[in-house]
There are 2 protein chains.
Amino acid sequence: MTRIDDVARLAGVSTATVSRALRGLPTVSASTRDRVLLAAAELGYTVSPSASRLAGGRTGTIGVVVPWITRWFFSTVVEAAESTLHLAGYDLLLYTLGGREHVRKRLFRTADLHKRVDAVMLVATNVQAADFATITRRAIPGVTVSSGTVVPGWPGIRIDDVAAARTAVAHLLSLGHRRVAHISGSPTAELTHTAHVDRRQGYRQELLAAGVTPDPRLDVNDEFTISGGTRATEELLRRGNIPTAIFAACDEMAMGAMSALRLAGLRVPQDVSVIGIDDHALAAVVGLTTVAQPAAEQGRLAATVLLDQLCGQSDESLFTAPLILPTRLVVRESTGPPRGKLEPDRLTTTEAG
Amino acid sequence: MTRIDDVARLAGVSTATVSRALRGLPTVSASTRDRVLLAAAELGYTVSPSASRLAGGRTGTIGVVVPWITRWFFSTVVEAAESTLHLAGYDLLLYTLGGREHVRKRLFRTADLHKRVDAVMLVATNVQAADFATITRRAIPGVTVSSGTVVPGWPGIRIDDVAAARTAVAHLLSLGHRRVAHISGSPTAELTHTAHVDRRQGYRQELLAAGVTPDPRLDVNDEFTISGGTRATEELLRRGNIPTAIFAACDEMAMGAMSALRLAGLRVPQDVSVIGIDDHALAAVVGLTTVAQPAAEQGRLAATVLLDQLCGQSDESLFTAPLILPTRLVVRESTGPPRGKLEPDRLTTTEAG
DNA sequence: CTGAAAGCGCTTACAG
DNA sequence: CTGAAAGCGCTTACAG
């Protein structure tokens, strides 16, 4: 394998000059730079990352931490972040926690992560107060996406989960629904993020504002997945006193709900309306009404903010408050007025009617 | 930051012994090992990856290359591979090509990748003959998942795409369909992988075996995505002479097809049957009949095979032929007999009938 | 603008 | 089983 000395010899300069020329430092004359680049190209030389890291102290790598990668929001964020980071010449080290709390702990409590990456992007991954110390002491730059906690010194990119939930519930209320159920992530299964906490709060706030007392029997927890939505909905049906509408905390749960309702012989939206949050790629296919959030944009922005920090040219306002991206209601076919409002008798609502 | 000398001093041994003890080499006495581990724990010492890599020549990192991460198959493979690799102490460097052919080229043609990772996992990423030389010369271990080409010296994990397609088409034929359309990836949009080539071949083979001549007007290319499936189906409808069944090369395209058909006022399966390949997490939700392939298992197996190679204890049979995992037909609600077979008159097929 | 030299923090023959 | 020493391949003050 060719090394920097080979290039230096061929170009007739020192290794220090090769190093400078290859990295585009301004302290190299144009003619020298050209000679070095030519020599490097001729030898097919690329710098050894290990040596460069050890000597230079920079890894050229960003660590991206996600709870999962198979869920729509996370994969979309990562894909957008990845292309931005690679374009800037950074590598992406992927950590999927997968509910393994000990992995998260090890990541933050030891110097491990810090020695592998120049900066960290935490997606829907909460950091506990005990971790702040580690992060701050090592002064590692970072950014959070869709995170419940604010990490001191790290910008945050997110949507307003409370407001998004209120928008969803307001839509159902405006259609005339009063028995509105909520299915959301469970505190134990979603340890790493807190979107479900905020969304539940928004659900309750909006109901209360409309004079509706939240009914705990209409509030079920499960995983933020399709099957989680299915199970939660089955539980709702099992409890009896079926709601006229279900607000699912994410589109994947909403789709699971639609599936469970259909299996139970209930029609969406004639018997039960369903709304989610996300605007998943499949939401349009299944006609799901939802509150859209810009996932790719959050990934792209987070990567950009991180790169700016590494260049030392961050917008200071980012450090004072999280950057909140807008959400918007997308009405499709899964929501409509409650049955009683239009057709009091189930029999008159068949397709033949 | 504490270094290896700090640990050595505290434990009263040389840095060489610390290095050996920490890596669990057998040439260290139990009592010495304990003393070293205790000292390391007390100082909160973790090895510097950069230094370790430079000195040892190993990176402890696996490069995983995927065309996209937002598609079901790829995210499922990566998530399974990730947990297996991290469990074994390896980091995962993610490269998402995103249709950027130049990224793939740079990755293989230069020594770049080789200097960052110990081994490579290529998911649905083809390698051209010109790349073989680079890979072989550098003798970097690797494994391919769902790859069309066989890389000399690398095991391959995959399904039999031709057979999977034939299973799908055979199901449609057995229901009585003769006008069977195919929607699949386009040669230009899916440069990196070749599943669409094999699946198209299986489609044609099965039709021909049944005495049906493939009609090029029923064969449309687009992206392996939901919207690709939607566009391809719209194109089919635009061409007129609507098929009684559509075989989509993947579930995402199939779901796009279902969506386009519904929008056009056609019912699935009464007017048009739809079948895919994958068994996407949402297939059950939308009632999609499909040929299931084990995505997570392919990721897990590929990671295991790679780790075995790095330990030098690979099963030799893996290098002689790709490991083919089984697929199986999962019949749901999106396929049924063609209309003519049961109900010759469209009017008699309404729900009221 | 350029070079000589130290140093980044480990691992690995080699010798014992 | 253990240690002294070389070396991995760069980058970075420092000096000029």
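Per chain, numbering begins at 1; letters A, B, ... match sequence-line order.
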* dG9(C) base / R53(B) side chain donor-acceptor hit below 3.5 Å -> no
Candidate nucleotides [options], ranked by approach to the side chain of [X] - the nearest:
| X | options | result |
| --- | --- | --- |
| T17(B) | dC10(C), dG3(D), dT12(D) | dG3(D) |
| S52(B) | dT2(C), dC10(C), dT2(D) | dC10(C) |
| A16(A) | dG9(D), dC10(C), dT12(D) | dT12(D) |

* Want to settle it: does R20(B) or A55(B) sit nearer the 5' end of DNA chain C, counting the closest nucleotide to each? ->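 So the residue in question is A55(B).
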* Name the nucleic acid region contacted by T27(A), choosing base, sugar-phosphate or nothing; use a 4.0 angstrom heavy-atom cut-off, strictly under. =>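 The answer is base, as T27(A) lies within the cut-off (heavy atoms under 4.0 Å) of a base atom.
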* Relative to the 5' end of DNA chain D, which residue comes earlier, S31(B) or A51(B), by the nucleotide with the nearest heavy atom? -> S31(B)
* Structure fact -> Residue pair T32(B)/G56(B) against DNA chain D: nearer the 5' end by closest nucleotide is T32(B)
* **Interatomic distance at C1', dT12(C) relative to dG16(C), whole Å** => 16 Å
* Using the P atom as the reference point in each nucleotide, state the distance between dC10(C) and dC14(C) in Å, no decimals. => 24 Å
* To do: For dG3(D), give its Watson-Crick or G-U wobble partner with both distances under 3.5 Å, or none.
  =>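 dC14(C) - that is the nucleotide pairing with dG3(D), both distances being under 3.5 Å.
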* Specify the separation, in whole Å, of atom CG of L54(A) and atom C1' of dT12(D). => 13 Å
* **Point-to-point distance, once rounded to the nearest 0.5 Å, from OG of S317(B) to CG of L323(B)** =>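 Going from the OG atom of S317(B) to the CG atom of L323(B) covers 7.5 Å.
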